[in-house]
Amino acid sequence: MAGIREESWQSLHLPSGTILLILTTIYWRESWKYGARAFRYCMLDLGHALAAAGEAACCLGWTLSLQEELGTDDLARILWNEPDKMTDGPTGKERPDVMLALFSDGRVHRIDECLISGIETEPLSLRPNILSPSIVPWQEIDMASEAAKKPQISDAYSRSAARAEEVLRIELKGKSASIKEAATDVSGDISREYCHILRRRRSAQAMDGRATMPLDSFHAILKATMPERAKPGLPWRPQVNPVLFVHRVEEMDRGLYILLRDERAKEDLRGAMDPDFFWERPSRTPPGLELYQLAQGDARLAAKESSCRQDIASDGCFAVAMISRFEDPIEEYGPWFYSRLYWECGMIGQALYLSSEATGYRGCGIGCFFDGMVHRMLGLFDLGYQDLYHFTVGRALTDPRLIDLPAYG
């Protein structure tokens, strides 16, 4: 953490109540358990954190935006007054990932990246809790972290002014990423306390393999994952289009489906996938959901086997494999965009968690999966698309051996 010097803060000319938040990663928090895979898990967690910050800001009536013009070295200098520092102490190496700006007046303000990258700070004498007396280094993580360092780039995503203005209008009208809508879409009753939904959010430990899900609930959960509802809004074109293993959704055939979060990707995906897939739109799919059936049949075994043979993937009402464009965006933007693909997956996962809670179900992120198996199943045979994250949604079973305490006192 760092305190911004008063004169530097005044030079930014930001409205009263503005908060600048830098999210960082300490890899040892994950690598003690997952080894080299921890890099991707940390990036998924960061995506969950971005979405959680966006929901918290929404609850307060605030707006939140990513300051993506800044580079990794800029963030390190702001935090530690050293442009290329990876703190390496008893807590493990810590890398800054992204700055968020929170505006309490409900508007989105443009911040000059030259001014913000040059602000003067005073590091605070605070350290994260020590996880363990010793740390096991993972060279693979250091290599990935170094390769994914982001340079300072203005207008990195070259979005059109029209699209940027559209996103701002959505945010200012409060119509983006509302998990409240998931509750009202199902019940028409806003009596469910939004904060209660946020606080009771948990990962399911096991699923009831017999429970079914109403079609309206299924649609409400899928709507929550759409990019126009994301908070904070991501400044890049959506890269992730989830493939769904539908097991027990009422009025839906069992089988394999795909949800296009970017409808422009349809023809590319269709050309890259198995040519025998149906690509048929289910008859009761509501407007705004580009949902297509790819294949019909019992997909429970495929979901389980591809998710490291975990029953939770087949016992849920449906499971998800998040398929991302891979080679093209990394070539277009640079190696640093690799992390952003996982951020997007993590944000989708957080939306699935909260919308599942809002509809009376529960979700669970699945970090262990066989991506090659999924690629073969879908007919994907190169680096154009990659399976980056799995998820399952269903009726959770309670383990009587576990004590469930309130999340907050």
Side-chain angles (χ1 to χ4, degrees), residues 1-24 46-72 74-75 77-79 96-122 124 150 152-181 194-195 197-198 224 226-236 238 340 343-344 346-347 350-351 354:
M1 296 181 64
I4 301 176
R5 293 179 179 174
E6 180 65 25
E7 57 273 19
S8 283
W9 179 257
Q10 294 299 331
S11 70
L12 299 178
H13 304 293
L14 295 174
S16 176
T18 300
I19 297 173
L20 300 180
L21 175 65
I22 296 178
L23 299 183
T24 68
L46 197 139
H48 281 278
L50 286 174
E55 292 298 332
C58 178
C59 287
L60 296 169
W62 297 2
T63 52
L64 178 67
S65 66
L66 274 67
Q67 303 303 304
E68 273 284 75
E69 296 84 0
L70 299 176
T72 305
D74 298 318
L75 300 176
R77 194 200 62 77
I78 291 170
L79 284 174
D97 290 296
V98 67
M99 176 184 283
L100 307 177
L102 295 97
F103 304 105
S104 61
D105 63 358
R107 300 172 57 195
V108 176
H109 299 266
R110 166 74 174 155
I111 304 178
D112 190 314
E113 65 267 21
C114 294
L115 290 177
I116 201 168
S117 64
I119 60 177
E120 297 182 358
T121 61
E122 297 176 348
L124 303 178
K150 183 185 177 298
Q152 184 182 118
I153 305 175
S154 297
D155 300 322
Y157 305 108
S158 302
R159 302 179 81 189
S160 68
R163 175 58 183 157
E165 289 176 5
E166 178 187 351
V167 171
L168 287 182
R169 284 198 301 271
I170 290 172
E171 288 183 350
L172 294 176
K173 290 180 180 179
K175 292 185 178 179
S176 61
S178 176
I179 307 303
K180 294 180 204 175
E181 283 192 32
Y194 187 35
C195 290
I197 292 173
L198 296 178
M226 298 302 289
E228 62 269 18
R229 298 193 176 195
K231 287 193 299 290
L234 296 178
W236 57 81
R340 273 73 181 166
W343 295 4
E344 187 173 336
M347 293 184 71
Q350 188 73 359
L354 295 180

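In what follows, residues are counted from 1 in the order of the sequence shown. Values reported hereafter were calculated over all heavy atoms of this structure, with side chains retained and with hydrogens, waters and symmetry mates removed.
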Legend entry - CD1 on I78 to CD1 on I116, rounded to 0.5 Å: 6.0 Å

Inset, instruction - Mind listing the closest non-hydrogen atom pair of P15 and H109 along with its distance? - result: CG-NE2, 3.5 Å

Inset, instruction - Please round to the nearest 0.5 Å and tell me the distance separating atom CH2 of W343 and atom CG of D97. - result: 5.5 Å

Inset, instruction - Could you check T72, T24, L23 and say which one makes a side chain to side chain contact (heavy atoms under 4.5 Å, CB included) with V98? - result: L23

Inset, instruction - Working to the nearest 0.5 Å, report the span between OG of S65 and CZ of R110. - result: 10.0 Å

Inset, instruction - Run through I22, L75, I111 and flag the one making a side chain to side chain contact (heavy atoms under 4.5 Å, CB included) with L70. - result: L75

Inset, instruction - Could you check R340 against K150 for side-chain contact (heavy atoms from CB on, under 4.5 Å), going step by step and ending with a plain yes or no? - result: CA-CA 11 Å; R340 273 73 181 166; K150 183 185 177 298; 3.1 Å; yes

Legend entry - Gap between atom CG of D112 and atom CG of L12 - 0.5 Å precision: 9.0 Å

Legend entry - Any donor-acceptor pair under 3.5 Å from T18 side chain to F103 backbone: no

Inset, instruction - Might you point out which heavy atoms bring L100 and A53 nearest each other, and give the distance in Å? - result: CD1-CB, 4.2 Å

Legend entry - Minimum-distance pair of heavy atoms, taken over all atoms of S8 and I4: CB-CG2, 4.0 Å

Inset, instruction - Can you measure from CD (Q350) to NZ (K231) and round to the nearest 0.5 angstrom? - result: 11.5 Å

Inset, instruction - Quick one: do L64 and L50 satisfy side-chain contact (heavy atoms from CB on, under 4.5 Å)? Show the steps, please. - result: CA-CA 10 Å; L64 178 67; L50 286 174; over 6 Å; no

Legend entry - Smallest separation among heavy atoms of S16 and S104, with atom names: O-OG, 3.4 Å

Legend entry - I119 backbone acceptor or donor facing R5 side chain under 3.5 Å: no

Legend entry - Side-chain H-bond candidate by donor/acceptor type, E68 with W236, under 3.5 Å: no

Legend entry - Nearest non-hydrogen partners of P232 and L66, listed with the distance: CG-CD1, 3.1 Å

Inset, instruction - Heavy atoms only: give me the nearest M347-A230 pair and the separation to one decimal. - result: CE-CB, 4.4 Å

Legend entry - Audit row: T121, L79, side-chain contact (heavy atoms from CB on, under 4.5 Å) steps and yes/no: CA-CA 7 Å; T121 61; L79 284 174; over 6 Å; no

Legend entry - Test log, rule side-chain contact (heavy atoms from CB on, under 4.5 Å), inputs E113 and Q67: CA-CA 8 Å; E113 65 267 21; Q67 303 303 304; over 6 Å; no

